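The model shown is predicted, which means the values in this text are computed figures rather than measured ones.
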Amino acid sequence: MIELADLKAACNAVLRRCYPAYSIYGSDSTEGLDRPGFYTEIIPYYFKYSSKNYADCSAGYKITFLEETPDEVAQLTLVAELRKAFGMTVRVSGRPLLVGQISHDYAGQNNDILQITISFEWVDIMTREEPEEIMQDVDIQYTQKGD
């Protein structure tokens, strides 16, 4: 089963390999963020059971690029580099997860803070222990009509 914390750790590792000199912050960081750097978060989209043993899951990994001064060329270069770095799959908990959509937009008062979102969808297989005892023996008696 893939946990969201494992997904974030795997995605942060890709980001760190691509930009080793930049700091990566999460929701537990609120002040004193070094720039340039990244603020990352996981956005859960859904978790729904398909059956008692399968669940469909989806989440997004959002990267906010913290710059000293907004630079559109640098932002678009970053988007292109991260598309290449993430590639088609990301290995999470030993499983290759298919990278879904990679999109970017802008936030902030002046609409100049780059945000990149990478979406993932996967199926988790969950084996449940049945509380009922497993039948050991079956005794069947068969009689024909007319005998």
Side-chain angles (χ1 to χ4, degrees), residues 1-140:
M1 190 161 168
I2 291 179
E3 299 296 341
L4 295 178
D6 297 330
L7 176 61
K8 184 170 184 181
C11 290
N12 279 351
V14 172
L15 187 58
R16 185 166 279 111
R17 276 193 305 273
C18 202
Y19 293 94
Y22 292 7
S23 296
I24 299 174
Y25 302 101
S27 60
D28 52 353
S29 305
T30 56
E31 294 180 22
L33 308 180
D34 293 333
R35 293 171 186 258
F38 301 103
Y39 176 86
T40 65
E41 59 188 310
I42 290 290
I43 303 162
Y45 296 144
Y46 59 81
F47 176 93
K48 62 182 180 179
Y49 287 104
S50 300
S51 72
K52 68 180 183 177
N53 294 316
Y54 295 95
D56 293 315
C57 308
S58 181
Y61 174 69
K62 184 178 267 189
I63 304 164
T64 302
F65 184 36
L66 307 170
E67 296 177 277
E68 287 290 338
T69 307
D71 179 347
E72 184 180 23
V73 172
Q75 292 171 349
L76 295 175
T77 300
L78 177 90
V79 170
E81 289 172 349
L82 288 178
R83 274 194 192 125
K84 289 177 191 168
F86 275 87
M88 202 167 157
T89 61
V90 172
R91 200 150 197 77
V92 181
S93 299
R95 288 178 56 188
L97 282 192
L98 187 64
V99 171
Q101 180 177 352
I102 298 178
S103 61
H104 71 279
D105 59 356
Y106 296 90
Q109 185 176 10
N110 297 319
N111 215 25
D112 59 358
I113 300 171
L114 175 67
Q115 292 187 312
I116 302 166
T117 304
I118 302 162
S119 63
F120 299 91
E121 291 183 4
W122 68 96
V123 174
D124 265 336
I125 300 170
M126 300 162 295
T127 53
R128 288 182 7 156
E129 292 293 324
E130 297 295 333
E132 294 81 19
E133 190 176 321
I134 296 176
M135 182 175 19
Q136 301 296 322
D137 297 313
V138 177
D139 186 17
I140 299 175

Just distance, no hydrogens or angles: give the donor-acceptor pairs under 3.5 Å from side chains in residues 7-17, sequence neighbours left out.
{"residue": "Lys8", "atom": "NZ", "partner": "Thr40", "partner atom": "O", "Å": "3.0"}
{"residue": "Asn12", "atom": "OD1", "partner": "Thr40", "partner atom": "OG1", "Å": "3.1"}
{"residue": "Asn12", "atom": "OD1", "partner": "Tyr61", "partner atom": "OH", "Å": "2.5"}

Can you run down the salt bridge (Lys or Arg N to Asp or Glu O under 4.0 Å) pairs that involve residues 112-123, sequence neighbours left out, and say none if there aren't any?
->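 Non-adjacent pairs meeting salt bridge (Lys or Arg N to Asp or Glu O under 4.0 Å): zero.
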Which pairs count as salt bridge (Lys or Arg N to Asp or Glu O under 4.0 Å) when at least one residue sits in residues 71-100, sequence neighbours excluded?
->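 Passing the test, one end in residues 71-100: Arg95-Asp124.
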Under the side chain to side chain donor-acceptor pair (under 3.5 Å) test, which residues partner [X], sequence neighbours left out?
X      : answer
Ser51  : none
Thr64  : Gln115
Glu67  : Gln75
Ser103 : none

Supply the atom-to-atom distance [X] [atom1] to [Y] [atom2], rounded to the nearest 0.5 angstrom.
X      : Y      : atom1 : atom2 : value
Asp105 : Lys62  : CG    : NZ    : 6.0 Å
Leu78  : Ile116 : CG    : CD1   : 4.5 Å
Ile125 : Ile2   : CD1   : CD1   : 10.0 Å

Test of understanding: with ring pair (Phe, Tyr, Trp, His ring centres under 6.0 Å), list the residues that count as partners of [X], not counting sequence neighbours.
X     : value
Tyr39 : none
Tyr45 : none
Phe65 : Phe38
Tyr54 : none

Between Thr89 (side chain) and Leu97 (backbone), is there a donor-acceptor pair under 3.5 Å?
-> no
With sequence neighbours left out, write down each residue that passes side-chain contact (heavy atoms from CB on, under 4.5 Å) with Phe47, or none if nothing qualifies.
->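 Applying side-chain contact (heavy atoms from CB on, under 4.5 Å) to Phe47 gives Met1, Tyr49, Ala55, Cys57, Met126.
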Verdict with reasoning, Leu66 to Tyr25, per side chain to side chain contact (heavy atoms under 4.5 Å, CB included) = CA-CA 10 Å; Leu66 307 170; Tyr25 302 101; 4.2 Å; yes
Result of checking Leu82, Ile118, Thr117, Leu114 against His104 for side-chain contact (heavy atoms from CB on, under 4.5 Å) =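 Only one option passes, and that is Leu114.
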For the student: nearest non-hydrogen atoms of Trp122 and Ala59, plus distance | CZ3-N, 3.9 Å
